[in-house]
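Working notes for the structure below.
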Amino acid sequence: MKVRALWHNNRQRSEIREETMAPGTGQLLVRSRYSMISTGTERLVAKGLVPEALHALMRVPGMAGQFTFPVKYGYSVVGEVVGGPPELLNKMVHLMHPHQDICVALPEMVHVLEPGTDPLSATLISNMETIINALWDSEVREDDKVLVCGFGNIGGLLAKTLKDEVGARVYVAEKHAVRLQTALEMGFRPFRGEDRFDIAYNTTASGEGLQECLDALVHEGHVIDLSWYGTNPVNLYLGHRFHYGRLKIISSQVSHIPGKMMDKWDLKSRKRWAEQLISKMDFSELMSNPVPFNDIPAFFDKLRHQDAVLDDCIYSIAY
């Protein structure tokens, strides 16, 4: 069977390769409909900035090659089951897999979507799981005054969830004018610099963003850092308010359920809740038109440049 997949050949070039695959007994064939591009993480992968110490931890189902190149990477696909057990045929599923037009997976690797779940929105399930962990890690409450620094795919999802589901008072800090305008049109307040916040969330993958969050906290406030920096160093100035203000920096990451939630939640139940949240909220204002699969190598050529800022918040691929 011939399939087509996105590969990063080196730090400068990506391409779509044709591969031959032979599904094993009991495996599913999933014809991809859409996949989501996690622009922050995938930029670091495409530029070869995954720390060597994290190579094993960063591997995802279906990944091929190595982070030292060439590598096939990606992790949020929605498609239709076109081969496999009869009870799953024609079902729409979400799975962790690189960008590929036909995926091979074991049944336990897929999450069957509820009827009526929009397949494009469902590509956000993995990122919504990240948001859920951030809510748990921050212990945010209704009417808390919060700052979201960065309004990309994670920041946009987070801000909307905080506003619509939690009822927090959400302010947004975003340097890119088009993204900031999107945030304002969605009803978020702009960060002016003099405000102080109970909680700040950094999604910028930059030390500057993390510093801005720290400087904006009230006494004993805390920052939830959702960014992943790869091999990029982070410089912070902690000599002013960090110790005197008893401030906290808390890492939030999606791979594990926070220890304090393990008695009530597991990965499957968190994914079901993520789908429910995705289904009840409208994220169309955050999403660009999907990029055609054939155009994806050129998209990643643009993404590699640190000075190339993408206007829209969330990007996906259409197959």
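These figures come from a predicted structure and were not determined experimentally.
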- Item | Residues Arg304 and Asp301 bridged, charged N to O under 4.0 Å | yes
- Query: If you draw the axis of the six-membered ring of Tyr171, does the NZ or CZ of Arg189 fall within 45° of it and under 6.0 Å from the ring centre?
  - Reply: yes
- Measure the shortest side-chain to side-chain distance between Leu162 and Val140 over non-hydrogen atoms and say whether it is less than 4.5 angstrom. yes
- Message: Can you tell me how far apart CG (Asp225) and OG (Ser251) are? Round to the nearest 0.5 Å.
- Response: 7.0 Å
- Message: Assess the residue pair Ser14 and Leu6 against the criterion (side-chain contact (heavy atoms from CB on, under 4.5 Å)); give the C-alpha distance rounded to whole Å, side-chain angles, the decisive distance to 0.1 Å, and a yes or no.
- Response: CA-CA 7 Å; Ser14 302; Leu6 176 74; 4.1 Å; yes
- Chi angles and distances behind the ring-ring contact (aromatic ring centres under 6.0 Å, His included) call for Tyr237, Phe242: CA-CA 8 Å; Tyr237 175 64; Phe242 182 68; over 10 Å; no
- Message: Just by distance, no angles: are the side chains of Glu42 and His99 close enough, under 3.5 Å, to form a donor-acceptor pair?
- Response: yes
- Mind listing the closest non-hydrogen atom pair of Ile37 and Phe300 along with its distance? CG2-CZ, 4.0 Å
- Note on the structure: Rounded to the nearest 0.5 Å, the CG atom of Leu29 sits from the CG atom of Leu88 at a distance of 12.0 Å
- Message: side-chain hydrogen bond (donor to acceptor under 3.5 Å, both in side chains) for Ser269 and Asp266? Distances and angles first, verdict last.
- Response: CA-CA 5 Å; Ser269 59; Asp266 58 23; 3.0 Å; yes
- State whether the side chain of Thr130 and the backbone N or O of Val254 hold a donor-acceptor pair below 3.5 Å, judged by distance alone. no
- Do any N or O atoms from the side chain of Thr123 and from the backbone of Leu120 form a donor-acceptor pair under 3.5 angstrom? yes
- Query: Where is the tightest heavy-atom contact between Asn202 and Gly209, given as atom of each residue plus distance?
  - Reply: OD1-C, 3.5 Å
- Lys175, NZ atom: more than 12 neighbouring heavy atoms under 6.0 Å: no
- Sidechain N-carboxylate O distance under 4.0 Å for Glu285, Lys160: no
- Query: Going by heavy atoms in the side chains, are Asp101 and Arg31 under 4.5 Å from each other?
  - Reply: no
- Message: Which heavy atom of Lys163 sits nearest to which heavy atom of Gly187, and what is that distance?
- Response: CE-O, 4.0 Å
- Separation of Ser252 OG from Ile224 CD1 (nearest 0.5 Å): 6.5 Å
- Query: Could you state the interatomic distance from CG (Leu286) to CD1 (Ile314), rounded to the nearest 0.5 Å?
  - Reply: 4.5 Å
- Message: Counting neighbours of CD on Glu18 that are heavy atoms of other residues, nucleotides or ligands and sit closer than 6.0 Å, is the number greater than 12?
- Response: yes
- Residue His219 excluded, over 12 heavy atoms near NE2 under 6.0 Å: yes
- Message: Salt bridge or not between Arg179 and Asp312? Use side-chain N to carboxylate O under 4.0 Å.
- Response: no
- Message: When you compare the side chain of Pro297 with that of Ile16, does any pair of heavy atoms fall below 4.5 Å?
- Response: yes
- Side-chain touch Gln276/Ser279, heavy atoms, less than 4.5 angstrom: no
- Message: Whether the Ser38 and Tyr75 side chains hold a donor-acceptor pair (N or O, under 3.5 Å, no angle test) is what I'd like checked.
- Response: yes
- Query: Glu212 and Thr204: side-chain contact (heavy atoms from CB on, under 4.5 Å), yes or no, with the steps?
  - Reply: CA-CA 10 Å; Glu212 187 169 46; Thr204 66; over 6 Å; no
- State whether Arg169 and Asp143 are salt-bridged, where the test is any N-O pair (Lys NZ or Arg NE/NH1/NH2 against Asp/Glu carboxylate O) under 4.0 Å. yes
- Query: So, are Arg13 and Glu15 salt-bridged, with charged N and O less than 4.0 Å apart?
  - Reply: yes
- Message: Can you confirm whether or not the ring centre of Phe299 sits under 6.0 Å from the ring centre of Tyr315?
- Response: yes
- Item | Check: Gly74 main-chain N/O paired with His97 side-chain donor or acceptor under 3.5 Å | no
- Item | His111 and Val93: CA distance, side-chain angles, deciding distance, side-chain contact (heavy atoms from CB on, under 4.5 Å) verdict | CA-CA 5 Å; His111 169 74; Val93 297; over 6 Å; no
- Query: Asp311 side chain to Val178 main-chain N or O, any donor-acceptor pair under 3.5 Å?
  - Reply: no
- Heavy-atom count around Arg270 CZ within 6.0 Å, excluding the residue itself: above 12? yes
- Message: Closer than 3.5 angstrom, by distance alone: can the side chain of Gln66 be matched with the main-chain N or O of Thr68 as a donor-acceptor pair?
- Response: no
- Value for CG (Asn153) from CZ (Phe283), rounded to nearest 0.5 Å, stands at 12.0 Å
- Do Ser255 and Gln253 meet the criterion of a side-chain donor-acceptor pair at a distance under 3.5 Å? yes
- Item | Face-on cation placement of Arg17 at Trp7 ring, 6.0 Å and 45° thresholds | yes
- Is the backbone of Lys145 close enough, under 3.5 Å, to the side chain of Asp198 for a donor and an acceptor to pair up by distance? yes
- Can you check whether Leu28 reaches Leu106 side chain to side chain, under 4.5 Å on heavy atoms? no
- Query: Is Arg59 atom CZ crowded by more than 12 heavy atoms from other residues, nucleotides or ligands, each under 6.0 Å away?
  - Reply: yes
- Task: For Cys103 and Val77, work out which heavy atoms get closest and say how close.
- Result: SG-CG1, 4.3 Å
- Query: Going by atom types only, do Glu129 and Asn133 share a side-chain donor-acceptor pair under 3.5 Å?
  - Reply: no
- Got a second to check how far Leu310's CG is from Thr39's OG1, nearest 0.5 Å? 6.5 Å
- Message: If we ignore hydrogens and angles and just use 3.5 Å, is the side chain of Ser227 paired with the main-chain N or O of Ala205 as donor and acceptor?
- Response: yes
- Verify, without hydrogens or angle tests, whether Asp144 (side chain) and Val146 (backbone) share a donor-acceptor contact under 3.5 angstrom. no
- Tyr73 and Thr41: CA distance, side-chain angles, deciding distance, side-chain contact (heavy atoms from CB on, under 4.5 Å) verdict: CA-CA 10 Å; Tyr73 188 85; Thr41 297; 3.9 Å; yes
- With salt bridge (Lys or Arg N to Asp or Glu O under 4.0 Å) as the test, would you mind laying out the steps for Arg246 and Glu220 before giving the verdict? CA-CA 5 Å; Arg246 295 179 54 83; Glu220 295 195 342; 2.7 Å; yes
- Tyr229 vs Ser206, side-chain hydrogen bond (donor to acceptor under 3.5 Å, both in side chains): CA-CA, chis, key distance, verdict: CA-CA 7 Å; Tyr229 300 92; Ser206 72; over 6 Å; no
- Query: With no hydrogens and no angle check, is any side-chain donor or acceptor of Ser138 less than 3.5 Å from a backbone partner on Leu135?
  - Reply: yes
- Message: Around atom CG of Asp263, are there more than 12 heavy atoms from other residues, nucleotides or ligands closer than 6.0 Å?
- Response: yes
- Message: I'd like to know if Glu165 and Lys280 make a salt bridge, using a cut-off of under 4.0 Å between side-chain N and carboxylate O.
- Response: yes
- Backbone N or O of Gly150 within a donor-acceptor pair of the Glu174 side chain at under 3.5 Å? no
- Side-chain donor-acceptor pair present, Thr117, Glu275, cut-off under 3.5 Å: yes
- Should Leu217 and Val223 count as side-chain neighbours, where that means a heavy-atom distance under 4.5 Å? yes
- Message: Tell me whether Lys260 at atom NZ has more than 12 heavy atoms from other residues, nucleotides or ligands lying less than 6.0 Å away.
- Response: yes
- Task: Would you tell me whether Ser76 and His94 have side-chain atoms, one donor and one acceptor, within less than 3.5 Å of each other?
- Result: yes
